[in-house]
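These notes concern the structure reproduced below.
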Amino acid sequence: MVKEVRTRFAPSPTGDLHVGNIRTALFDWAYARHTGGKLIFRIEDTDRERVTDEYINRAVETMKWLGLNWDEGPEIGGPCGPYLQSQRLDIYKHWAQKFLDDGFAYKCYCSTEELEARREKQRELNQAPGYDGKCRNLSADEEAKYVAEGRAPVIRMQMPAGETRFTDLIRGEVVFDHTFVPDFVLMRADGSPLYTLAVAVDDVLMKITHVLRGEDLLSSTPRQIRVYQAMGVAPEDYPHFAHLPFVMGQDNAKLSKRNGEVSIAWYREEGFLPEAICNYLALLGWSPGDDRENITMEELVSLFNVERVNSSPARFDMKKLEAINGDKIRALTIDDFLKRALPFLTSAKIITGTDEEIALVRKALPIIQERIVKLKEVVPMLGFFFVETVKVEEESVAKMAEEQALHVLSASLSALEPLSQWDHESIESALRAALIEKMGLKPRNAFGPVRIAVTGSHISPPLFESMELLGKERSIARIKALVR
RNA sequence: GGCCCCGUCGUCUAGUGGCCUAGGACUCUGGCUUCUCAAGCCAGCUACGAGGGUUCGAAUCCCUUCGGGGCUGCCA
């Protein structure tokens with residue numbers, strides 16, 4: 001009987017979820033779904049100074065937006081709750097006390113200043129800095145003396161001599177000699193737990209089978225394993241560890257605010273599709289093994305496995321994300337595209353959202369679908385449909401001043417005004433006849449001025465389709481406006 | 001400094017001893033197409049960090065070295 005896989009995503013939301021968080025969440029999610037297991041969403045908010053309810057809510061929203069659903073956690077609860085560490089403080093206290101009673105941990109009365117001074121000395125002597133074990137075996141007298149001095153003790157875990165050996169699913173066997181794993185603090189004097197205690201206790205209590213997390217936590221793994229041992233967990237019941245490689249910024253350092261955009265909220269505002277973000281992030285450190293790159297969430301679920309995750313860090317490449325996003329946009333149905341584009345148009349105040357506006361947008365979307373890479377671009381692309389008069393952009397003004405441009409515009413007017421049929425085929429043949437056949441112009445020189453007059457820019461969606469959608473009256477008015 | 005992790009085109013990657021004169025994707029360059037811009041199509045540039053082994057044969061195995069990163073907290 002194989003145990004059901006239980007992975008967890010356990011961020012400490014001290015800000016908006018960022019790219020690195022989400023890559024981890026995505027892998028946790030994909031692995032749980034791939035194996036038919038469960039994803040547990042836990043909030044590590046033991047540091048309530050930095051983690052706020054607002055950030056927690058935003059994290060929950062971001063996960064939902066991305067489509068990374070969880071089986072236990074905020075909003076839905078579950079049998080191993082609560083899923084906010086700030087609501088589990090009694091649990092951590094219980095275990096810390098038990099470790100004390102069982103002799104795995106001890107009270108440490110050293111002050112921060114004393115520790116710092118001794119660490120400094122260790123560094124000078126070129127020794128490995130770390131707790132020196134001073135309070136390991138305090139006599140009752142010594143302890144009474146410290147208490148009398150008003151010192152409040154932290155609870156510190158004792159690392160026995162020896163080594164910790166475990167198999168990382170991505171990196172293979174890893175060994176840490178305890179010489180380099182000093183005794184560590186489990187609980188502050190005020191009774192608040194530290195990460196190392198809380199994370200290990202919760203992973204055990206929540207029956208986590210697979211811990212997928214960033215490689216920065218690799219060297220803290222021996223400490224967690226020590227907590228499992230103290231809790232009496234059998235080695236075969238330890239969770240499996242898989243330390244994911246970092247996502248790096250442009251400067252070869254871990255991606256951060258300084259070297260790239262990190263906040264997922266920013267990507268959403270720019271008009272990246274959640275499935276594009278997930279698709280791209282999945283490719284950062286993982287590959288399906290063949291040449292496939294454009295994959296759906298369903299394919300990700302069926303193909304994902306931890307063994308295929310790379311061990312080396314990957315640099316975040318905005319250009320590639322954009323390329324994937326463009327592919328995903330082009331693959332959207334018009335109704336889906338419309339649903340996703342509308343919020344950008346309304347929040348940019350291009351439209352207010354009337355039925356007529358939406359109907360026009362819907363008709364215009366097909367001609368811009370393959371021209372945009374981010375949803376946000378619908379704003380500049382469609383703007384000209386929704387203004388009374390276009391303002392000719394700076395760089396196009398000079399072109400329109402040329403004499404030939406004026407000839408083109410008046411010839412266009414004469415050709416267009418008599419049209420009884422106003423569709424792009426009629427518009428195109430009328431203009432071709434007048435400008436190209438009669439005047440002998442090259443297409444780009446012929447249609448350029450008309451494009452600028454109608455859309456305000458020398459770059460626009462296809463001209464004839466645009467004019468059709470704009471309507472005869474408004475198209476002609478715009479050309480006239482520039483002829484005078 | 002110590003410990004740990006990592007090292008294939010500019011970037012993400014495929015590659016687990018012969019199928020590799022190293023494949024794909026993004027980027028970039030050139031071309032085709034073309035009403036602009038895109039999209040699409042074609043072509044091109046560019047990589048096994050270095051040095052030693054092992055082997056008939058190494059990107060793949062071993063050693064050394066160099067480089068990058070993480071940790072070394074009463075942060076997570």
Side-chain angles (χ1 to χ4, degrees), chain A residues 10-12 14 44 46-47 50-51 108 110-112 115-116 119 122-131 152-156 168 170-172 174-177 179-182 184-190 192-196 198-199 213-222 243 245-246 248 250 252-254 280 283-294 310-324 326-327 330 367-373 381 428 431-432 435-436 442-448 450-452 455 457-466:
Chain A
S12 181
T14 55
E44 311 230 324
T46 51
D47 185 351
R50 294 167 63 214
V51 178
C108 172
C110 299
S111 71
T112 314
L115 290 173
E116 188 45 51
R119 237 181 256 127
Q122 287 170 324
R123 269 190 279 263
E124 279 169 25
L125 294 172
N126 241 333
Q127 293 172 337
Y131 190 66
V154 300
I155 298 176
R156 197 179 278 276
D168 186 281
I170 294 171
R171 287 150 216 281
V174 184
V175 185
F176 287 90
D177 189 313
T179 314
F180 310 108
V181 186
F184 57 96
V185 176
L186 294 167
M187 188 163 273
R188 298 187 185 90
D190 67 0
S192 62
L194 272 89
Y195 170 78
T196 326
V199 74
R213 52 164 22 168
E215 68 164 297
D216 48 335
L217 273 342
L218 183 60
S219 46
S220 82
T221 307
H243 288 93
F246 286 127
M248 316 290 271
Q250 292 313 311
N252 211 19
K254 201 176 153 187
Y280 175 65
L283 263 20
L284 239 41
W286 174 83
S287 86
D290 52 28
D291 288 339
R292 257 184 295 190
E293 296 219 313
N294 190 326
N310 258 107
S311 48
S312 51
R315 236 175 294 320
F316 186 88
D317 182 4
M318 186 72 79
K319 280 285 197 331
K320 181 129 183 182
L321 204 211
E322 288 177 349
I324 290 176
D327 285 342
R330 270 169 247 133
I367 64 173
I368 65 163
Q369 189 166 21
E370 67 184 27
R371 280 161 235 277
I372 66 169
V373 151
M381 277 286 183
E428 177 166 6
L431 288 179
R432 280 191 186 281
L435 306 177
I436 295 176
K442 289 198 165 144
R444 63 180 306 128
N445 296 329
F447 304 132
V450 184
R451 179 188 311 283
I452 293 168
T455 70
S457 170
H458 65 283
I459 298 172
S460 81
L463 180 59
F464 315 120
E465 283 85 347
S466 298

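The figures that follow rest on heavy atoms only: side chains count, while hydrogens, waters and symmetry mates do not. Letters A, B, ... mirror the listed sequences (proteins, then strands); counts begin at 1.
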Using atom [atom1] of [X] as one end and atom [atom2] of [N] as the other, report the distance to the nearest whole Å.
{"X": "A:L194", "N": "B:rC74", "atom1": "CG", "atom2": "P", "answer": "8 Å"}
{"X": "A:L321", "N": "B:rA25", "atom1": "CG", "atom2": "C1'", "answer": "14 Å"}
{"X": "A:Q122", "N": "B:rC3", "atom1": "CD", "atom2": "C1'", "answer": "14 Å"}
{"X": "A:D216", "N": "B:rC4", "atom1": "CG", "atom2": "P", "answer": "18 Å"}
{"X": "A:N294", "N": "B:rC26", "atom1": "CG", "atom2": "P", "answer": "10 Å"}
{"X": "A:M248", "N": "B:rG69", "atom1": "CE", "atom2": "P", "answer": "7 Å"}
{"X": "A:F180", "N": "B:rC4", "atom1": "CZ", "atom2": "C1'", "answer": "11 Å"}
{"X": "A:Y131", "N": "B:rG2", "atom1": "OH", "atom2": "C1'", "answer": "21 Å"}

Please check this pair: side chain of [X] against backbone of [Y], looking for a donor-acceptor N/O pair closer than 3.5 Å.
{"X": "A:N310", "Y": "A:P245", "answer": "no"}
{"X": "A:E370", "Y": "A:R330", "answer": "no"}
{"X": "A:S192", "Y": "A:R188", "answer": "no"}

Checklist entry - For A:R213, which residues count as a salt bridge (Lys or Arg N to Asp or Glu O under 4.0 Å) partner, sequence neighbours excluded? => result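 Scan of A:R213 (salt bridge (Lys or Arg N to Asp or Glu O under 4.0 Å), adjacent residues dropped) gives none.
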Whole-Å [atom1] distance, [N] and [M]:
{"N": "B:rA50", "M": "B:rU8", "atom1": "C1'", "value": "15 Å"}
{"N": "B:rG23", "M": "B:rA14", "atom1": "C1'", "value": "7 Å"}
{"N": "B:rG51", "M": "B:rC66", "atom1": "P", "value": "15 Å"}
{"N": "B:rA25", "M": "B:rA47", "atom1": "C1'", "value": "15 Å"}
{"N": "B:rU64", "M": "B:rG7", "atom1": "C1'", "value": "15 Å"}
{"N": "B:rC19", "M": "B:rG1", "atom1": "P", "value": "41 Å"}
{"N": "B:rC9", "M": "B:rC5", "atom1": "P", "value": "22 Å"}
{"N": "B:rC61", "M": "B:rG24", "atom1": "C1'", "value": "27 Å"}

Checklist entry - Could you walk me through whether A:D47 and A:Y195 pass the side-chain contact (heavy atoms from CB on, under 4.5 Å) check? => result CA-CA 9 Å; A:D47 185 351; A:Y195 170 78; over 6 Å; no
Checklist entry - At what distance, to the nearest 0.5 angstrom, does CD1 of A:I372 lie from CD of A:E322? => result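 Between A:I372 CD1 and A:E322 CD, I get 12.0 Å after rounding to 0.5 Å.
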Next on the checklist: Within the 4.0 Å limit for protein heavy atoms, which parts of nucleotides 28-43 of chain B are touched? Write it as a string from 5' to 3', B for base, S for sugar-phosphate only, - for none.
Outcome noted: -------BBBBSS---
Next on the checklist: Across nucleotides 7-16 of chain B, 5' to 3', mark each nucleotide with B, S or - according to how protein heavy atoms within less than 4.0 Å reach it.
Outcome noted: S---SBSSS-
Sugar-phosphate, base or nothing in reach of [X], heavy atoms under 4.0 Å:
{"X": "A:R171", "value": "sugar-phosphate"}
{"X": "A:V175", "value": "sugar-phosphate"}
{"X": "A:R292", "value": "nothing"}
{"X": "A:T46", "value": "sugar-phosphate"}
{"X": "A:V154", "value": "base"}

Pairing partner of [N] (Watson-Crick or G-U wobble, both distances under 3.5 Å):
{"N": "B:rG7", "result": "B:rC66"}
{"N": "B:rG73", "result": "none"}
{"N": "B:rC45", "result": "none"}

Item to check | side-chain contact (heavy atoms from CB on, under 4.5 Å) assessment of A:R171 paired with A:L218 | outcome: CA-CA 10 Å; A:R171 287 150 216 281; A:L218 183 60; 4.1 Å; yes
Item to check | Residue mapping more 5' on RNA chain B - nearest nucleotide basis, A:L217 or A:D177 | outcome: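 Checking each residue's closest nucleotide, the 5'-ward one belongs to A:D177.
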To check you understand the geometry: which heavy-atom pair defines the closest contact between [X] and [Y], and what is its length?
{"X": "A:S219", "Y": "A:F176", "result": "CA-CZ, 3.8 Å"}
{"X": "A:V199", "Y": "A:E44", "result": "CG2-OE2, 4.0 Å"}
{"X": "A:A189", "Y": "A:V154", "result": "N-CG1, 3.9 Å"}

Checklist entry - A:S220 side chain N/O closer than 4.0 Å to the phosphate oxygens (OP1, OP2) of B:rC71? => result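 Looking at the OP1 and OP2 atoms of B:rC71, neither is under 4.0 Å from any side-chain N or O of A:S220.
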Checklist entry - Is any side-chain nitrogen or oxygen of A:R119 closer than 4.0 Å to OP1 or OP2 of B:rC74? => result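 For A:R119, the contact criterion (side-chain N or O under 4.0 Å from OP1 or OP2 of B:rC74) is met.
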Checklist entry - Salt bridge check: are A:R292 and A:D290 linked by an N-O gap of less than 4.0 Å? => result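 Yes, charged N to carboxylate O under 4.0 Å.
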